[in-house]
Amino acid sequence: MYANGVRHFIDTNDFTKEELLDIVNLSLKIKKCIKEGYYPPLMKNKTLGMIFQQSSTRTRVSFETAMSQMGGHAQYLGPGMIQLGGHETIGDTGKVLSQLIDIVMSRVIAHQTVVDLAEACSIPVLNGMSDWNHPTQEIGDICTIVENLPRGKKLEDCKVVFAGDGTQVCASLGMICTKLGMKFVQYGPKGKWIQDNLEGLKALNPNGDYPDYIKIMEENCKVSGGSFEITDDREAVKGADFIYTDVWYGLYESEMSEEERIALFKDYQVNRELMQLGNIGCKFMHCLPATRGEDVTDEVADSDSSLCWDEAGNRLTAMRGLLVYFTQYQRENDTTDLRKEAVKEELEMFMDERGLI
Ligand code: CP
């Protein structure tokens, strides 16, 4: 979305396929440079504010590391540390932060909070996860998939199966896969499909704006040629190139007892048998944290087929790309590509010298 002349990263659906791939490619280029020992100072003198209404390991650590690696500084604004939603409205907090820092990321409980923050800010706002979606996770996931494409396949040829609860990570994965023209399946129990969880969110937050996942994915597929299926039929797992999962307690931790949760989801656990339904070479992915022994077995999480550790590392890859993309060349009505060219030059001069491109 655009607000106050600035483009924000609230939802991957606000971006074209080409723009999303631009972010992925920029992220992977910066990764290559850093791997070779060159830390491009693209965030020099810039400050990121990191608002967290919930706890986080990967999102918090990767954003802060990304800023320090690229010459900038990050401020952790954890629960209770700022006036947001307490003595000060979200709008006023956004206006104040816009005077003090260069970019803000926010992990919120209700999606509307990050939308309201972006509407008030004249600096870019990155959504670090809400109850509706998790777009920064998805940029890292696509980086991981691009780095591990099955031999001879393009992104558009890949089938991604999400097994388990239709969490916001599941929905976000479905939205980006369909946007990029891939095949997406949610294999999960009826009542826990993404559209069911969306109804649950709307009931919990009647004033919140929760766009319809299914409509978005249908629109994406019309444009991209991708496909999606939501089913409890195990046959749909066959032919997967990537099998992905998330925790089973999702958005409503207190809703079910442990026994009920295990009874409902046990057939959807990612274990050796489920992985064997995928294509030869099928890879395992997980946004983490995992509940070992529930959503995934130790055997799969720690196997050679597991990408979940690389995927966690690619949160950092994605954060670097997103920070550069949104601070350097995403102002509305900015007709010059000068900043974009400068970033490209900064990275490509080094990559060229090292034979990386
Ligand atoms: N996957 C993810 O967002 O992890 P954190 O909650 O630890 O940030």
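The chain is numbered in sequence order, starting from 1. As the structure is a computational prediction, the values presented were derived from the model and not from experiment. Just follow the structure's listing: the first ligand is 1, and inside any ligand the first atom is 1.
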Regarding D241 and K153, does a basic nitrogen lie under 4.0 Å from an acidic carboxylate oxygen? yes
Do E294 and K266 meet the salt-bridge criterion of a basic N to acidic O distance under 4.0 Å? no
What is the ring orientation for F326 with F15, classed by angle as parallel under 30°, tilted 30 to 60°, or perpendicular over 60°? perpendicular
Applying side chain to side chain donor-acceptor pair (under 3.5 Å) to R58 and not counting sequence neighbours gives none
Would R60 and Y76 count as a cation-pi pair here, with the cationic atom under 6.0 angstrom from the ring centre and within 45° of the axis? yes
Contacts for ligand 1, heavy atom under 4.0 Å, by chain and number, are S56, T57, R58, T59, R107, H134, Q137, C287, L288, R315
Going by the angle between their ring planes, with limits at 30° and 60°, are H111 and W132 parallel, tilted or perpendicular? tilted
